[in-house]
Structure formats: structure tokens, C-alpha cells
Amino acid sequence: MYAACGDIGFAGQVFDEMTERDVVSWSSMIAAYVTSKQPLNALSVFLDMKQAKEKPNSVTLVSLLSVCSHLVKIKMGESIHSYILTSDIKLDVSLATALIGMYATCGYIEKALLIFNSMNNRNLQSWTIMISGLAENGHGEEAISLFYKMEDLGFTPDTISFSGILSACSHLGLVEKGQRLFDQMVNLYKIQPTMEHYGCMADMFGRAGMIEEAYHVLKTMPMEPNSIILRSFISAYKNHGSRVSFDDNLVKLLLKIEPDLGSNYVISANMSSVSGYWREEDDVRAAMKGKGLKKVTGHSWLQDNRHSS
DNA sequence: GTAGGGTTAG
């Protein structure tokens, strides 16, 4: 419950104090770490579970396969797969979907397809993960046709399905198709676009060299663009150039929201030649302020002066 | 029966 409420630390504390653990409490704890994006901790709990001679069931394995995906551990994923085949654990829709996700994120797209095609029942998640997996592995066309096939079968794509398909369009340079799908998502399916969707659209325009259109997405999206979107746009601007001058505020914003990432300062320096900005280094100073970062001489803030304030 | 799975961006 604490895990579900987002308090992973307290969940771990409760778990540590438990004297009687069963497969459900072990699995809950592993799942909690997966949800909190702490796959190494999830793995460590699983190792403890093995030590305690508790047998994993299909719920445990779904979470563990997700760990394999996050850490790109194909060997571990394969061994879970063979464990399933030799055990009496039933390969249900969720478990098969988790296997597809694991193989796809590890780059084994044929294996993912093999499992997908052999499934009797598929749900929205199975379709979505297969579509995204194809897109991710450079099979954008197949991803798009699978998306339409899924719609034909009566599945209603959700926000995550659209993230996957828009990303496929972006990678393929299919600007019109991407715009049409985005429009469908909003007007037909009444799905509110998220940061991810705007990011895909901006990235799609940027890659295609449509810098003004990409900039328009950044300026009109209803939330502040995150660092990934900003970097994607800046890089597109650098690669393609534009008749409109570069907006220095984007770099300022990048340094503001992510002052601890050193490579952002490289980007900032590179863009100075494009925009003539950086003369006073004000933005660097502003970004370092309150972060305990101290510029001593020249390049030295990149070294470990953080705690010397 | 409890617990679980899917997404993007240089």
C-alpha cells in the first residue's frame, strides 16, 4: 500500500520489518521498486527472495522481466523464459506481453514477434508493446501497419499506444502521417496530449528540418518543455539551421531545469556561436547559484567543487 | 484471492 502511495522508502521499511513474508509480499516489494524505476533494488530483493527459498510465480516474473528490459539483461530474460517453459507457470497474456517487451527492448525483435504471433489472446498492452518494439528497432512501417490492424480489430489505442506510433512516424520522417495521427488522437479518441506526445511532434518536425513548426510546438504546448525536448530541438536547429534566429531562452531554460548535467553546458557553449549569446556567462552563474556549484577558475566548475561552497 | 505488464526524445 505504501508503495502504491508512492512512498517507496516506507514500503521498504515495512517490508524489512516483516517476519513472515510470502510470495505476495516479495512480489509486491519487487513490483514497487520496478514502479519507482529502481530496477537494481528490485533485482536485489529478488536475490533475497531466492535466498529465502521462496518460489516466484507469474506475477513475480512479470516484474522481473521488466527489470530485464530496464537493464537490458537479455541473458537473465532468456533464463526467465526457459524457467517458465520448464515450470508449471502458465504463460498468460501478461507474462507473454512482458516477454515480448523484454525481447524487444533487448533488440531481439524476431523473438518478440514469434511470441506475439503465437498468442491466442492479446490485449491493448500486448499490441502496444509490439508496436513500440517494432518502431524502436527500426521497423517503423511494420509498426504503423500493426497499429492500423489493432484498430481494425476493435482495440482503442490509448495514450501510450499513441506515444509509440508517433515515435515511429518521427523516426521514419512521416510528418503528414504523424500530424494526422496526432489529430486523430485529440479529436477522435479525445486523448489529452502529454509531454511525450508533444515531444514526439517537436522531434518529428525537427528531424524533418521543419524548425519553425518544431518551435511552434515548443511555444504552444501547455506545459514547460522538458530537457529532452529542448535538447532535441537545439540539436535539430544546429543540424538544419533556420531562417528564424535561435531563441536563447531555450538554452537558458535547459540550464535552469537541469543545471547538474555537464553536457548541457557544452550545448550552451556550442549555441553561443549560433546566437551570439553567452557573452556575460550570466546564465551559467544563475544556473549554478543555489546549487552549491562554485566556479573557481576557468573550467573548474566541472570538477568536484560542489561541496566546498 | 492478495501482487503484476505497455511509451517517446541527440
Side-chain angles (χ1 to χ4, degrees), chain A residues 1 3-4 11 15 21-35 42 45 49 54 56-70 80 89 91-102 104-105 112 115-116 122-136 140 143 147 150 155 157-171 178 181-182 185 191 193-207 214 217-218 221 225-240 254 261 263-264 266-267 270:
Chain A
M1 182 198 70
F15 182 75
R21 297 165 177 166
D22 61 5
V23 64
V24 174
S25 52
W26 282 108
S27 304
S28 304
M29 199 58 231
I30 293 170
Y33 278 123
V34 170
T35 314
V45 174
M49 179 180 179
E54 189 72 62
N57 64 14
S58 82
V59 176
T60 329
L61 295 183
V62 166
S63 293
L64 273 181
L65 285 167
S66 171
V67 169
C68 299
S69 302
H70 286 296
I80 292 174
I89 292 174
L91 191 61
D92 61 11
V93 180
S94 302
L95 198 48
T97 303
L99 274 174
I100 294 171
M102 184 276 296
T105 17
I115 297 170
F116 181 80
R122 305 183 186 102
N123 59 19
L124 182 62
Q125 277 104 322
S126 324
W127 284 93
T128 300
I129 202 164
M130 196 63 246
I131 291 164
S132 307
L134 283 166
E136 222 172 277
F147 182 88
M150 174 184 84
F155 286 95
D158 68 359
T159 175
I160 299 175
S161 318
F162 273 106
S163 285
I165 197 67
L166 288 176
S167 153
C169 293
S170 160
H171 287 290
L181 283 162
F182 186 87
M185 173 178 87
I191 294 172
T194 63
M195 178 85 85
E196 286 77 11
H197 301 123
Y198 290 112
C200 283
M201 295 306 283
D203 187 60
M204 185 178 79
F205 289 128
R207 281 177 200 248
V217 174
L218 263 66
M221 56 194 275
N226 65 16
S227 59
I228 298 167
I229 298 177
L230 289 171
R231 272 196 295 273
S232 154
F233 176 80
I234 293 168
S235 130
Y237 189 98
K238 248 187 84 190
N239 289 337
H240 296 280
L254 179 61
L261 190 63
S263 54
N264 286 339
V266 177
I267 292 171
N270 286 338

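Residue numbering restarts at 1 for every chain, and letters A, B, ... go by the order of the sequence lines.
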My understanding is that only residues two or more places apart in sequence, or in another chain, count here; which of them pass ring pair (Phe, Tyr, Trp, His ring centres under 6.0 Å) with F205(A)? none
With sugar-phosphate meaning primed atoms plus P, OP1 and OP2, does R207(A) contact a base, only sugar-phosphate, or nothing at under 4.0 Å between heavy atoms? sugar-phosphate
Side chain to side chain donor-acceptor pair (under 3.5 Å) partners of residues 160-171 of chain A, not counting sequence neighbours, each pair once: T128(A)-S161(A), D158(A)-S161(A), S163(A)-H197(A), S170(A)-D203(A), S170(A)-R207(A), H171(A)-R207(A)
Is the F116(A)-W127(A) ring centre distance short of 6.0 angstrom? yes
Separation of dT8(B) P from N226(A) CG (nearest whole Å): 14 Å
Look only at the side chain of S69(A) and the backbone of L65(A), and say whether a donor-acceptor pair between them is shorter than 3.5 Å. yes
Which letters describe nucleotides 1-7 of chain B, given B = protein heavy atom under 4.0 Å from base, S = only from sugar-phosphate, - = neither? -BBBBBB
Taking S232(A) for its side chain and I228(A) for its backbone only, find out whether a donor-acceptor pair lies under 3.5 Å. no
Using whole Å, report how far CD1 of I228(A) lies from C1' of dA9(B). 6 Å
Scanning both residues in full, the closest heavy-atom pair of H240(A) with G206(A) reads CD2-O, 3.3 Å
Whole-Å gap separating P (dG10(B)) and CG (N239(A)): 11 Å
Atom pair distance, as rounded to whole Å: CZ in F233(A) and C1' in dA9(B): 14 Å
